[in-house]
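Quick notes on the structure that follows.
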Amino acid sequence: MYKTSEIIAEYGITESRLKEYIIQQNIPIVNEEEISKKYFQTILSFIENTEDRIEKRLEKAEATFKYNSDNNKVSIYQDDAISFLKKLPSNSVDVIATDPAYSGMNDKLKLGKGRIVGKYADKGKENGKWFGEFEDSEENYNEFLSECKRVLKKSTGHIYIMFDSYSLLSLGNVVRNHFDVKNLITWDKVNIGMGHYFRRRHEYVIFATNGNTRKIRNRKFPDVWRFKRIHSSKYPTQKPVEVFQAMIHASSEEGYTVCDPFLGSASSAIASIKNKCNFIGCDISDKSIEMSSSRISEYLNSGKDNLQTKSMAVDDKIFWE
């Protein structure tokens, strides 16, 4: 049995809206506020299609950037990823597309100290080239994934999580404990990168669903994506918008809500706007919030991307076109 008070608290729907729907649908109430599992599924479908639940839940949290129009609602917040996800109502997000700032590979492998890499010991410091990262212990990662699962809608929820080779080996298997993994996608960066042994030219993306059978947009999408990495990026680990466009275009419809709890340079936000999706994201970094707010604002006002001035696609025709 489900108590109406618990439904209101967890799913972020108002008491008046819930009571109105229960009366309209003649849903039987037991012991004044309890609903059976059978009828709860009907209520859950109604809740998933109720607008403004996220906005109302986050009314007390101050958005660092907020934009509303007929085509897009965009909000970003400065917060820790897990703390932010805990503030969102259950079953409120259609797609999560994110690139966590993993600490594992950098902590455990011996890194160089050249002018590009900088000193890893200076991470998070004002003049350091590395930013503070998500401490990706298995315990922390399980909590992060549990919150992702909770906020993703049961009926539509798709999730894309980016991995480097080390984090894929150490944490990739944990994703299976929370989601139905469907694909392991390789992002081919085309140009060779750094590496103390074999030099890196790729990263990975795990694609999974939240227990539903919703398909991606079409069958034109391969599991190898060839987009050049961004050289001399203004933000560390900046990803091409096209990488996130591939995720979001495959799994979204107009008006869907996309969430990125590791906002970084806001490439996911730009991709969401291009796909006419609503977007909500967060990052703990001052630099991320400052650059993301400027980038999103500029793109919404002028259509120009001040952090990526050209397409990173290799092929003349991108596979989703």
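- Once rounded to the nearest 0.5 Å, the distance linking CG of L307 with CE of M291 reads 4.5 Å.
- Ring pair F144/Y141 is tilted by interplanar angle, where 30° to 60° counts as tilted.
- With respect to the salt-bridge test (charged N to carboxylate O, under 4.0 angstrom), the residues K66 and E55 do not qualify.
- Applying the ring pair (Phe, Tyr, Trp, His ring centres under 6.0 Å) test to Y160 and every residue at least two apart in sequence or in another chain returns F207.
- The backbone N or O of A97 sits nowhere less than 3.5 Å from a side-chain atom of S268 that would complete a donor-acceptor pair.
- Remark: the backbone N or O of G264 is paired with a side-chain donor or acceptor of S292 at under 3.5 angstrom.
- Side-chain atoms of S92 come within 3.5 Å of backbone N or O of P89 as a donor-acceptor pair.
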### Task
Begin with the C-alpha distance, continue with both residues' side-chain angles, and end with the deciding distance and a verdict on side chain to side chain contact (heavy atoms under 4.5 Å, CB included) for I7 and I47.
CA-CA 10 Å; I7 294 171; I47 289 172; 3.7 Å; yes
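- Just one of T257, N278, D52 meets the side chain to side chain donor-acceptor pair (under 3.5 Å) condition when paired with K73; it is D52.
- Between the side chain of D283 and the backbone N or O of S288 there is no donor-acceptor pair closer than 3.5 Å.
- Ring geometry for Y2 against F40 counts as parallel: the plane angle stays under 30°, on a 0 to 90° scale with 60° as the upper cut.
- Within the 3.5 Å criterion, the main-chain N or O of N91 finds a donor-acceptor partner in the side chain of R53.
- Here Y67 and Y299 keep their ring centres 6.0 angstrom or further from each other.
- Between R200 and D164 there is no salt bridge, since none of the side-chain N atoms of the basic residue sits less than 4.0 Å from a carboxylate O of the acidic one.
- Other residues, nucleotides and ligands place more than 12 heavy atoms under 6.0 Å from the CD atom of Q24.
- Within the 4.5 Å cutoff, the side chain of L300 has heavy atoms near those of the I296 side chain.
- Between Q245 and P240 there is no side-chain heavy-atom pair separated by less than 4.5 Å.
- Residues forming a salt bridge (charged side-chain N to carboxylate O under 4.0 Å, His left out) with K19 (at least two apart in sequence, or on another chain): E15.
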